[in-house]
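Start at 1 and go down the list; that is how both ligands and their atoms are numbered.
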Amino acid sequence: MSRTEALQSLLLHELNDNEIISNTSDLVFEGKKVTLQDAQSAILSLAAKSMIEFERHELDVFVLTQEGELVCKEGSHEARVFQEICQSMNGLTIDELKSKLGNSAGVGQGKAFKMGWIRKEGAKLVKNTDTIVDDTQSKLQKIKDVGKLDDTKALNELKKRKLIEKSKVVYFSVKKGPKFSLTVEKLEADLTSEMLTNGSWKEKKFKDYNFAADGVPPRGGCLHPLMKVREEFRRFFFELGFTEMPTDQFVEIGFWNFDALYVPQQHSARDAQDTFFLKKPAAAEKLRETDYVASVKNTHENGGVSGGIGYRAPWSEEESKKLVLRTHTTAVSSQMLYKLAKDGFKPCKYFSIDRVFRNETVDATHLAEFHQVEGVICDKNLTLGDLIGFMKVFFGKMNARELRFKPTYNPYTEPSLEIYSYHEGLGKWVEIGNSGLFRPEMLSAMGLPEDVRCIGFGLSLERPTMIKYEINDIRQLMGPRVDLELIEASPIVRLDK
Ligand code: FB9
């Protein structure tokens with residue numbers, strides 16, 4: 001018999017003997033008063049079977065504080081002071097009292113004085129009466145027993161002395177229900193296939209179906225904070241007239257991830273310690289855009305028609321056919337720009353926000369993958385000024401107002417600028433992005449008109465998300481250590497607020 005069943009049978013027998021139970025907390029079970037929880041668990045299921053009916057009652061009572069319990073057990077501070085003084089032959093000094101009673105001495109002697117139990121004689125405290133009655137203790141005992149005291153003055157004084165405090169007592173009164181019996185019928189909650197096959201369901205009693213019961217609330221999905229911030233960025237881009245690039249393919253050939261972007265085949269970014277190369281299949285059978293491939297080869301080797309001198313190194317088609325996990329979504333931008341050249345140039349604005357993969361050592365700010373946010377703007381005769389101007393508009397949307405630009409190097413843009421903004425919350429300048437004008441070597445090889453200029457810029461999704469959600473370890477945001485509660489509880493954020 002489980003504990004609840006034992007409690008239920010105690011209740012039923014109590015009812016059987018006394019018709020009603022006026023206060024469940026008077027019941028004793030396993031030698032102790034029945035707790036509210038116990039009573040509740042036993043009562044609810046019996047009531048559900050209409051074997052009993054019950055009412056819940058709340059009572060404001062006084063309970064002893066920890067100090068109250070101490071005084072109740074050992075006597076009031078003033079009484080203990082009196083006893084100490086009595087035990088001493090010729091009275092005690094305050095310090096002697098303190099050494100005997102600790103901080104009870106202070107409180108106690110004050111009260112004992114007021115009660116006229118002791119008096120001062122020189123430096124000594126001596127008794128001023130022979131016997132005392134420790135009302136405080138007895139009153140506390142009374143309160144302990146019945147939870148109340150019909151002497152409000154005393155109550156307020158005990159409250160003031162923090163020996164008692166108000167508390168709420170909840171208890172149930174119970175009476176027999178229409179289906180009262182001493183034995184609790186175990187009602188089946190489930191009709192199992194086994195009951196059906198062995199026919200045992202015929203003699204079983206089943207719980208009534210509670211069609212009103214709420215089902216288990218469906219654990220609705222929730223957007224990961226990164227996806228919430230991604231929606232913010234998508235909103236910004238659409239508001240600025242950008243078109244989203246298709247980024248649903250993580251695997252690219254080196255040609256689009258590197259060569260089309262004029263990244264030299266000897267560049268360290270193309271080494272396995274920076275890039276994830278696929279093993280099976282390791283390379284594409286062939287490159288489709290043969291003319292374009294030829295002009296990329298030409299440009300890498302001697303500058304092609306870009307006006308540049310190229311890298312003066314042999315360019316290998318084999319190398320460019322290798323399959324990689326894209327290291328940046330710029331691998332998609334290169335394909336969109338080539339398509340733009342083939343379909344006939346017209347001004348355009350593209351953006352992408354998706355995963356990129358870099359073979360980096362994982363630490364609090366780096367994972368082997370992150371989400372790149374990238375924008376590309378193409379039009380005739382765009383300048384560095386246009387780039388800087390647009391960065392102010394773009395980052396202005398997320399309240400990054402005060403921007404600073406620092407020249408940097410990317411293989412596919414020249415000039416290139418890192419963008420910094422002063423972050424009030426962090427109280428420091430934060431690098432919030434990277435940008436540049438795509439190199440003519442890249443654009444001319446695609447066949448884009450000579451006066452077309454393309455601005456490119458990028459940042460990560462993780463950084464702004466970590467700042468917005470005050471997450472300082474990127475592993476709390478992505479990966480096996482993510483705390484799902486945190487994800488579910490994470491509110492929608494507005495980057496522009
Ligand atoms: O996100 C970055 N910083 C950042 C962005 C936003 C932000 O909060 C917003 C104001 C509210 C806070 C910080 N960075 C780019 C800067 C640094 O964090 C940098 O250390 C790390 N970078 C990543 C790459 O790390 C290897 C962030 C990632 C990055 C870097 C460059 C590009 C994209 C992502 C790019 C590009 C590009 C350039 C030219 C043409 C096309 C694309």
Side-chain angles (χ1 to χ4, degrees), residues 225-226 229-230 232-233 236 245 247 257 260-263 268-269 274-275 326-334 336-337 349-378 382 384 387-388 390-392 394-426 428-439 442-443 453-472 474 477 493-497:
L226 277 171
V229 175
R230 181 170 180 264
E232 278 287 280
F233 275 110
F236 292 160
M245 294 188 255
T247 55
N257 195 81
L261 295 168
Y262 196 57
V263 177
S268 63
D274 279 356
T275 300
R326 64 177 178 220
T327 60
H328 48 195
T329 52
T330 323
V332 180
S333 308
S334 57
M336 296 299 285
L337 292 175
K349 290 187 272 194
Y350 293 136
F351 82 92
S352 63
I353 307 175
D354 212 326
R355 284 186 189 203
V356 299
F357 308 85
R358 300 203 176 165
N359 190 353
E360 283 176 342
T361 43
V362 172
D363 60 22
T365 54
H366 284 85
L367 287 175
E369 60 184 89
F370 69 89
H371 294 76
Q372 176 164 348
V373 178
E374 171 148 326
V376 173
I377 305 167
C378 293
L382 290 177
L384 190 61
L387 165 64
I388 292 173
F390 181 79
M391 289 295 96
K392 291 182 177 160
F394 180 77
F395 284 111
K397 279 186 160 291
M398 61 192 94
N399 280 338
R401 304 226 172 286
E402 217 193 324
L403 298 187
R404 279 192 185 159
F405 297 88
K406 179 170 155 259
T408 184
Y409 168 78
N410 295 321
Y412 37 85
T413 52
E414 187 55 43
S416 308
L417 296 175
E418 274 170 359
I419 305 135
Y420 290 79
S421 150
Y422 187 77
H423 199 283
E424 299 299 335
L426 302 172
K428 64 177 179 170
W429 284 90
V430 176
E431 182 194 347
I432 61 173
N434 186 309
S435 63
L437 286 166
F438 284 114
R439 298 185 70 118
M442 172 182 161
L443 306 179
R453 297 274 174 284
C454 290
I455 288 169
F457 62 93
L459 61 154
S460 74
L461 199 53
E462 280 73 6
R463 294 270 185 280
T465 307
M466 290 167 75
I467 290 178
K468 273 290 166 192
Y469 287 95
E470 284 149 12
I471 294 170
N472 43 32
I474 196 167
L477 199 54
V493 292
R494 290 294 301 265
L495 278 182
D496 56 356
K497 288 280 177 293

**OP:** Could you pull out the closest heavy-atom pair between H366 and T361, with the gap in Å?
**Re:** CB-O, 3.7 Å
**OP:** Please name the pair of heavy atoms, one in S435 and one in N410, separated by the smallest distance, quoted to 0.1 Å.
**Re:**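 Distance-wise, the nearest heavy atoms are O-ND2, 3.8 Å.
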Considering only protein heavy atoms, which is closest to [atom], and at what distance to one decimal place?
| atom | value |
| --- | --- |
| atom 10 (C) of ligand 1 | M398 SD, 4.0 Å |
| atom 38 (C) of ligand 1 | N434 OD1, 3.3 Å |
| atom 21 (C) of ligand 1 | R463 NH2, 3.6 Å |
| atom 19 (C) of ligand 1 | E431 OE1, 3.8 Å |
| atom 24 (C) of ligand 1 | R358 NH1, 3.7 Å |
| atom 35 (C) of ligand 1 | G458 CA, 3.5 Å |
| atom 23 (C) of ligand 1 | F370 CZ, 4.1 Å |
| atom 40 (C) of ligand 1 | G456 C, 3.3 Å |

With heavy-atom distances below 4.0 Å as the criterion, list the atoms of ligand 1 near [X].
| X | value |
| --- | --- |
| F457 | 37 (C), 40 (C), 41 (C), 42 (C) |
| I467 | 8 (O), 12 (C) |
| E360 | 26 (C) |
| E374 | 41 (C), 42 (C) |

**OP:** From the options P464, S416, S460, select the one whose nearest heavy atom is closest to atom 1 (O) of ligand 1.
**Re:** S460
**OP:** Flag the pair H371 / F233 as yes when their ring centroid distance falls below 6.0 Å, and as no otherwise.
**Re:** no
Original post:
Any side-chain heavy atom of I474 sitting closer than 4.5 Å to one from M466?
Top reply: yes
**OP:** Would you indicate whether the side-chain heavy atoms of T465 and I471 approach each other to under 4.5 Å?
**Re:**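 The answer is no; the side chains never approach within 4.5 Å.
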Original post:
Does S435 have a non-hydrogen atom less than 4.0 Å from ligand 1?
Top reply: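 The answer is yes, since S435 has a heavy atom less than 4.0 Å from ligand 1.
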Original post:
Should H328 be listed as contacting ligand 1, given a heavy-atom distance under 4.0 Å as the test?
Top reply: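 It does not; every heavy atom stays at 4.0 Å or beyond.
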**OP:** May I ask you to decide if the ring planes of W429 and Y422 are parallel, tilted or perpendicular, using 30° and 60° as cut-offs?
**Re:** perpendicular
Subject >> side-chain contact (heavy atoms from CB on, under 4.5 Å) evaluation trace for L367 with V362 >> reply: CA-CA 5 Å; L367 287 175; V362 172; 3.7 Å; yes
Original post:
Would I353 and L461 satisfy side-chain contact (heavy atoms from CB on, under 4.5 Å), going step by step from the backbone distance to the final call?
Top reply: CA-CA 8 Å; I353 307 175; L461 199 53; 3.9 Å; yes
**OP:** Supply the atom-to-atom distance F438 CZ to I455 CD1, rounded to the nearest 0.5 angstrom.
**Re:** 10.0 Å
**OP:** Have a look at ligand 1 and work out which part of V430, if any, has a heavy atom under 4.0 Å from it: side chain, backbone, both or neither.
**Re:**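 Near ligand 1, V430 shows its side chain, while the N, CA, C and O stay back.
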Subject >> T327-D274 side chain donor-acceptor pair, cut-off 3.5 Å >> reply: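 No, no side-chain donor-acceptor pair sits under 3.5 Å.
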